[in-house]
**Student:** 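Sharing a structure with you now.
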Amino acid sequence: MHIQIQCCGIVLMLVLFYFYMRQKRISLNTQKAFLSVFWATFICIAVDILSIETIKYQHIFPELFVKFAAKSYLVTLLGVALSALAYMYVDIYTREDIHRQKMRKYLILAGIAVLGTYAVPIHFHYAEDGKSVMYTHGPSLYVTYGMALVFFVTIFYLLKKEKAKINPRRREAVCIWLLVWIASSQIQFMYTEILIVGYAGSIGIMVLYLKLENPETNLDRSTGLFNSGALYQYTRQLYAMDEDFSTLVILFENNAYQNVPLKKRDRIRMEIAEYLLKLPDTLTFKAAEDEFFILFPDTRSAEEKTSEIRKRFQSGWGEGSTCLVQPCWLYLPHSNVVDQAEDLLYLVRYHRQGSKEFSDSDFLSIGEDSVAQMNQERETEQLILEAMENNRVEVYYQPIFSTCEQRFTSAEALTRIRDKEGNIIPPGVFIDIAEENGMILRFGEIVFEKVCLFIQKHPPEQYGLHYIEVNLSVVQCAYEHLAQDYISIMEKHSIDPRYINLEITESASTNAKRTLLDNMETLIKYGVHFSLDDFGTGQSNLNYIVDMPVELVKFDRSMTNAYFENQKAKYVMDAAIHMIHGMNLQIVSEGIETAEQYQTMEDLEISYIQGYYFSKPLPENDFIHFLENRH
């Protein structure tokens, strides 16, 4: 009667094992640890059945054998608890040598407990008085349950202490399993005739299987390839084991299916997936809808297979091989150029950004230089975030001299950030990165608000200033809520908009031009002025001046220098000055460093001069002192 529930547990585990083995799997240490827990539980239930039967027929078997069977069941309970602890350590410490070292002391404790279990007495009872009653008790039982409790307390301690390192789903599944196991153990300990611990163990295994260890969870259902979760787990394990491997990433960008009709694309994708599935000595993962990772065990195999795969793509797909698919390729010959799985995945995202260009063949090989550049940009991103969060964004002001009024009448606000050590980081290091990752919007608002606070604290008219110039990045110019956000900041600090001059760049006006013009129209109606910055760089031409409602045009430093170094540039600049003056616009010349340059610009009737000839950009207080000394 008592073995019926244990037999149900055995059947349940055999069914789970059948489904587990028939699924495609990758070799993960956590899966190996799960199998250890599975077999420890299976053996525990089997030995439980054996011990029940030997106690039931104790009149047939020698007393020593009956006690040995009963104690062996208790030992298998320790085995389940120990395997559960090992299962947790494998997830926390992916390096095999580390989790083995961590488990060594628990193996010693388990060995001592096993010797104690076999050494001390055990008592068992079986009677028939209308129903069967069977249980074991005695010191042997207390030794087992005491040591099992030590293991379970350790597991719960790890679940709390190493929370950040443990897969959240694994943490939840293990908690459910342990609670079921502990509850059943407590019931069986209090009511010794209710033998449910073994069956509870099989229920726990089912929980682990369904929530975490089902191999299907690592598969992409549409293609049969391994999915992104499996990619992360597997590469994380490889890095933990210091394995060097090669990676080929196939990127199906928007133009990859140029000559493939829409109705055929799904079928072509499946054909490609089936081909990749059959590649020998490789593992293929579908990381995203348009992104496949292929892992190779070594560089030699990677180079051979990469050439083979690319040739296969060139031969076409579909019926008659008429459909050409032209993906982009990222090739990482050596995985050890980065230190962990997260960096590998980030590296691919980094090179997929719009500003990262592939070669003419759409094939990009990634080496140490690419990784160094990526790491530098990541460090800069972190630096920008910390500067914004910890108020380490600073605004410097460079005075602008009016040749007509012969005094300083405006200034350009230039941003700087400081690192943790207080060192100044110039904008050339971080502005482009802030634009690429989208932080420039928040960064720009911080700078603009600091300028408004400066104007609020130091009214410009007291120092003879007409306005402060503030740069807008390309991303800001294409942001549709720019005008509303900046007006809100000015109203918050009661700033007269005539004190604000916003500088746009020529490149900005080519991107989202309608959005830029709408923003400019709103801000101009509010009272803000605009200037065209860096004229003479990029796609420079006078059409920008015609299209944009600006009042000032700023000659870039490179254009100013070219005037003094190149005769052709001089003719171009003379013509530009004549045409700009003809449109009744004023000109600011940047980069003036000598008296000769200043005099030449003044003779050319340049309205405003900016450069080191007068002053470098100055911190707020130094700028105020500069104005006070020259007012």
Side-chain angles (χ1 to χ4, degrees), residues 24 26 218-232 234-235 238 244-335 337-338 344-367 370-371:
K24 179 183 174 184
I26 49 177
N218 288 327
L219 295 178
D220 176 69
R221 292 181 179 272
S222 63
T223 62
L225 299 170
F226 292 115
N227 59 23
S228 58
L231 172 65
Y232 173 73
Y234 187 66
T235 52
L238 291 176
D244 187 22
F245 58 95
S246 301
T247 306
L248 177 67
V249 186
I250 308 177
L251 306 173
F252 296 93
E253 303 287 357
N254 294 331
N255 58 354
Y257 298 95
Q258 283 185 347
N259 76 326
V260 181
L262 286 174
K263 61 182 180 181
K264 290 185 178 182
R265 291 187 180 182
D266 287 341
R267 190 163 69 248
I268 296 300
R269 288 192 190 99
M270 283 304 303
E271 186 179 345
I272 292 172
E274 290 172 4
Y275 165 73
L276 296 175
L277 270 171
K278 296 176 183 177
L279 286 173
D281 303 322
T282 63
L283 285 175
T284 304
F285 302 80
K286 182 183 177 184
E289 192 62 33
D290 59 352
E291 187 176 277
F292 291 172
F293 277 68
I294 306 175
L295 304 188
F296 308 93
D298 54 67
T299 306
R300 180 178 178 182
S301 173
E303 291 176 353
E304 293 175 356
K305 289 289 193 306
T306 296
S307 177
E308 176 186 327
I309 294 168
R310 296 189 68 196
K311 285 180 180 178
R312 174 63 187 86
F313 271 81
Q314 292 169 2
S315 64
W317 304 90
E319 186 176 350
S321 299
T322 56
C323 297
L324 291 178
V325 180
Q326 298 174 313
C328 295
W329 310 81
L330 279 175
Y331 177 54
L332 187 67
H334 296 283
S335 62
V337 295
V338 293
L344 173 66
L345 301 177
Y346 183 89
L347 186 63
V348 175
R349 303 291 174 271
Y350 171 80
H351 283 284
R352 288 202 69 174
Q353 294 176 18
S355 60
K356 308 296 182 296
E357 296 183 357
F358 290 84
S359 64
D360 294 338
S361 61
D362 291 330
F363 185 90
L364 182 62
S365 182
I366 303 173
S370 298
V371 175

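Positions are given from 1 along the sequence. Given the structure is predicted, the values throughout are model-derived calculations rather than measurements.
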**Student:** Are the side chains of T306 and W329 in contact, using a 4.5 Å heavy-atom criterion?
**Tutor:**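 W329 vs T306: side chains apart.
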**Student:** What orientation do F252 and F313 show, parallel under 30°, tilted 30 to 60°, or perpendicular over 60°?
**Tutor:**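 Aromatic pair F252/F313 classed tilted.
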**Student:** Is the shortest heavy-atom distance from the side chain of Y331 to the side chain of E303 under 4.5 Å?
**Tutor:**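 They are in side-chain contact.
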**Student:** Using side-chain heavy atoms (C-beta onward) and a distance below 4.5 Å, is E319 in contact with K264?
**Tutor:**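 With C-beta onward as the side chain, the pair stays apart.
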**Student:** Side chain to side chain contact (heavy atoms under 4.5 Å, CB included) between K286 and N227: does it pass, once the steps are laid out?
**Tutor:** CA-CA 5 Å; K286 182 183 177 184; N227 59 23; 5.9 Å; no
**Student:** If you measure from CG on L344 to OG1 on T235, what distance do you get to the nearest 0.5 Å?
**Tutor:**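 Nearest 0.5 Å value for the CG-OG1 distance: 6.0 Å.
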**Student:** Taking all non-hydrogen atoms of both residues, which atom of F245 and which atom of F296 are closest, and how far apart?
**Tutor:**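 Scanning both residues, the minimum pair turns out to be CB-O, 3.3 Å.
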**Student:** Could you walk me through whether E271 and R312 satisfy the salt bridge (charged side-chain N to carboxylate O under 4.0 Å, His left out) test, starting with their C-alpha distance in whole Å, then the side-chain angles of each, then the deciding distance to 0.1 Å, before giving a yes or no?
**Tutor:** CA-CA 12 Å; E271 186 179 345; R312 174 63 187 86; 3.6 Å; yes
**Student:** So how far is it from I294 CD1 to K305 NZ, rounded to the nearest 0.5 Å?
**Tutor:**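 Between atom CD1 of I294 and atom NZ of K305 there are 10.5 Å.
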**Student:** To the nearest 0.5 Å, tell me how far I250 CD1 sits from E291 CD.
**Tutor:**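 If we round to the nearest 0.5 Å, I250:CD1 and E291:CD are 10.5 Å apart.
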**Student:** Find out whether R300 and S246 are in side-chain contact, i.e. whether some heavy atom of one side chain is under 4.5 Å from a heavy atom of the other.
**Tutor:**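 R300 vs S246: side chains apart.
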**Student:** What I'd like to find out is whether the side chain of F226 reaches to under 4.5 Å of the side chain of L219, using heavy atoms alone.
**Tutor:**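 Sidechains of L219 and F226: in contact.
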**Student:** Indicate the atoms forming the closest heavy-atom contact of S222 with D220, along with that distance.
**Tutor:**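 In this case the closest contact between S222 and D220 is OG-OD2, 2.7 Å.
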**Student:** Below 4.5 Å, heavy atoms only, C-beta onward: do Q326 and D362 meet side chain to side chain?
**Tutor:**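 Side-chain contact under 4.5 Å: no.
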**Student:** Which atoms form the tightest heavy-atom contact between T247 and F293, and what is the distance?
**Tutor:**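 Minimum heavy-atom separation between T247 and F293: CG2-CD2, 3.7 Å.
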**Student:** So do L225 and L277 actually touch side chain to side chain, heavy atoms under 4.5 Å?
**Tutor:**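 Yes; the side chains approach each other to less than 4.5 Å.
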**Student:** Give the minimum heavy-atom separation between L324 and G316, together with the two atoms involved.
**Tutor:**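 What the structure gives for the nearest pair is CD2-CA, 3.9 Å.
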**Student:** Report the distance from atom CG of L295 to atom OG of S335, rounding to the nearest 0.5 Å.
**Tutor:**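 Rounded to the nearest 0.5 Å, the CG-OG separation comes to 9.0 Å.
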**Student:** Determine the sole option in T299, D298, I366 for which the side-chain contact (heavy atoms from CB on, under 4.5 Å) test with H334 is passed.
**Tutor:**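 The single option meeting the side-chain contact (heavy atoms from CB on, under 4.5 Å) with H334 is T299.
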**Student:** Examine R269 relative to F292 and say whether NZ or CZ is less than 6.0 Å from the centre of the six-membered ring and inside a 45° cone about the ring axis.
**Tutor:**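 Because its charged atom misses either the 6.0 Å distance or the 45° angle limit, R269 does not stack over F292.
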**Student:** Rounded to the nearest 0.5 Å, what separation is found between the OH atom of Y232 and the CG atom of L345?
**Tutor:**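 Those atoms lie 8.5 Å apart.
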**Student:** Between CG of L231 and CG of L283, what distance do you get to the nearest 0.5 Å?
**Tutor:**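 Atom-to-atom, L231:CG and L283:CG are 10.0 Å apart.
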**Student:** If you define the side chain from C-beta out and look only at heavy atoms, does anything of V348 sit under 4.5 Å from L332?
**Tutor:**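 A side-chain contact under 4.5 Å is absent here.
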